[in-house]
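Chain naming here is simple, since letters A, B, ... match the order of the sequence lines and numbering starts at 1 in each.
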There are 2 protein chains.
Amino acid sequence: MAVAGGGTAEARYRQLAASLREAIAAGAFGADGRLPSEEKIAQQYGVSRGTVRQALAVLRANGLVTSRRGTRRVVLGTARTQSFFELLSFTRWARSLGEEPGGRTIDVTSCPANPLECEQLNLEPGSQVCRVLRLRTLSRVPIMIERTLYPEHIGAMIAGLDPHAISHTELLTEEGVVFADTEHTIDLVHADADDARLLGCNQDAPLMRERRRATDHSGRPLLWSDDRFLPGTVAFTVHNSVATTALSRRRG
Amino acid sequence: MAVAGGGTAEARYRQLAASLREAIAAGAFGADGRLPSEEKIAQQYGVSRGTVRQALAVLRANGLVTSRRGTRRVVLGTARTQSFFELLSFTRWARSLGEEPGGRTIDVTSCPANPLECEQLNLEPGSQVCRVLRLRTLSRVPIMIERTLYPEHIGAMIAGLDPHAISHTELLTEEGVVFADTEHTIDLVHADADDARLLGCNQDAPLMRERRRATDHSGRPLLWSDDRFLPGTVAFTVHNSVATTALSRRRG
DNA sequence: CAGTGGTCTAGACCACTGT
DNA sequence: CAGTGGTCTAGACCACTGG
């Protein structure tokens, strides 16, 4: 609960969200799973209704509760596995599974970007970029090939690293780099010669590909990555709530 | 686009979000892409700051703008393709691409659910379920096999349909069924004999699989589906914004 | 230090649900 | 019709950014 020295106190609505999350996990709210009204919750916790709504919005985004005008909210799911996307880092993802993340840097090169790369990283033509090729392991078993492209100023921080360093993302974070927004695209590709050699599969074997493009707070691209996973090692999950645009009342 | 007679006027913050979206697409906000302050926008549109914040929250969730305490918001991306997940229906997705969606129902059966299915649909053991197997086409080309499991009360609406009906989801929606929450899981599988025969690929060919589990507003499962796409026909995209937990000021 | 977004409050009105 | 969540307002204070 207490915040580590130097940080800011956690917002009340986040504390409240955490409390409600616990209550849900503990199975309060009975068999039908109906939450108290927003007003009731506000009174119970001594906050305003607005704050309660902020907290509930968090739970809703996480797929834990419903929300619909006219009726109480209802518990949707009690469990909650953290989505791959929210973790933003292979290392954190592995740890959240209780597995041991590993990484071996195969190659790091700096060279001028080609036109496609310039567009992806929003750079001037001919700008320098840093290319990193890594093999990622889970409890020593190879499961993913990561091809990452960094703009010069980020690449400079990477270049000097120990090739056995486990997490580049965490090191960059410590340097104050913030991955504020990321877009992920998932599809299926066939292993090329490098993929096959490093992952120990046949060439043309099917792989799950996740491409990530991350920017900082001001929208400046920080990274563009092409990650290829062996089948059966990851599944990507997404949750979705409708924008409640209900119809008019039926047979009023 | 317009709401059918009897609907409610669109919320102001949604109208505002749409306006801002247009402004972004039109390239207002100059080369640096900095938005006006929330206060300014509120004055310009004659609404309160709270409403502006609601509108901006929508844009942020869509990955269009950043947000960060202390600085103006910044345009992240001008384009905006509607994510596969938001459309919630193969038919709508196809139409949004300007393609012609098609579907052929291969088989519909009603029988008691097995234990796994009962758990997925949260049913009493031995409950009746409805299984539907469909082949989906895009401009007449087969691209996806859909295996959907409905609980009895939904299955009853499906059973009587024309086998050539294009969209089951839309028909259910017209009947007042609301898919309020959906969870998607994406992975890679190999084609079984049925997949291969219907999609015209080899057995064991790699396919992208999307499993969906949808519930209504009260959390009652409406459907559980296993959809398998031929490679190269879809890519799944997700956007991600960090919960701005910045560090303390650096060398203040 | 001025500007800006994040958090919080208190109150109001409305749309929708279920009985 | 009573209860509930959705929308909107007006104002306040704070934390953080950048010059």
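- For B:Arg53 and A:Arg49, each mapped to the nucleotide of DNA chain C holding its nearest heavy atom, the one lying further toward the 5' end belongs to B:Arg53.
- Note that CD of B:Gln120 and CZ of B:Arg213 are 6.0 Å apart. Values are rounded to the nearest 0.5 Å.
- Side-chain nitrogen and oxygen atoms of A:Ser67 include at least one within less than 4.0 Å of the OP1 or OP2 phosphate oxygen of D:dG6.
- Distance NZ (B:Lys40) to C1' (C:dA2): 13 Å, rounded to an integer number of Å.
- Residue B:Val47 has its side chain nearest to D:dT9 when only D:dT17, D:dG5, D:dT9 are considered.
- For the pair B:Thr51 and D:dT9, the criterion of a side-chain N or O lying under 4.0 Å from OP1 or OP2 is met.
- With rounding to whole Å, A:Gln43 atom CD is found 13 Å from C:dT9 atom P.
- Looking only at distances, no side-chain donor or acceptor of B:Thr148 sits under 3.5 Å from a matching main-chain atom of B:Ser225.
- In this structure, CD1 of B:Ile41 is placed 15 Å from P of D:dC8, rounded to the nearest angstrom.
- Looking at the side chain of B:Arg69, the nearest of the listed nucleotides C:dT9, C:dG5, C:dT7 is C:dG5.
- Atom NE2 of A:His217 is separated from atom P of C:dG5 by 14 Å (rounded to the nearest Å).
- Looking at A:His168 and A:Val132, their side chains come closer than 4.5 Å, going by heavy atoms from C-beta outward.
- Residue B:Leu16 contributes atom CG, which lies 13 Å from atom C1' of D:dT7 at whole-angstrom precision.
- Rounded to an integer number of Å, the gap from A:Arg60 CZ to D:dG5 C1' is 11 Å.
- B:Leu35 places a side-chain heavy atom less than 4.5 Å from the side chain of B:Leu56.
- Of the candidates C:dC8, D:dG5, D:dC8, the closest approach to any side-chain atom of A:Ser37 belongs to D:dG5.
- The base of C:dG6 has none of its N or O atoms less than 3.5 Å from a complementary donor or acceptor on the side chain of A:Arg12.
- Between A:Cys111 atom SG and A:Arg131 atom CZ the span is 3.5 Å, to the nearest 0.5 Å.
- With a 3.5 Å ceiling on both atom-pair distances, the Watson-Crick or G-U wobble partner of C:dC16 is D:dG3.
- In this structure, CG of A:Leu35 is placed 12 Å from C1' of D:dT4, rounded to the nearest angstrom.
- Contact between the side-chain N/O atoms of B:Arg68 and the OP1/OP2 oxygens of D:dG18 is found at a separation under 4.0 Å.
- B:Ser48 has a side-chain polar atom (N or O) that falls below the 4.0 Å cut-off from OP1 or OP2 of D:dT9.
- One atom, CD of A:Glu39, and another, C1' of D:dA2, lie 14 Å apart when rounded to the nearest Å.
- Taking every side-chain heavy atom of B:Glu38 into account, C:dG6 is the closest of D:dG18, C:dG6, C:dT7.
- Within the 4.0 angstrom heavy-atom criterion, only backbone atoms of the sugar-phosphate kind lie near B:Arg73; the bases stay farther away.
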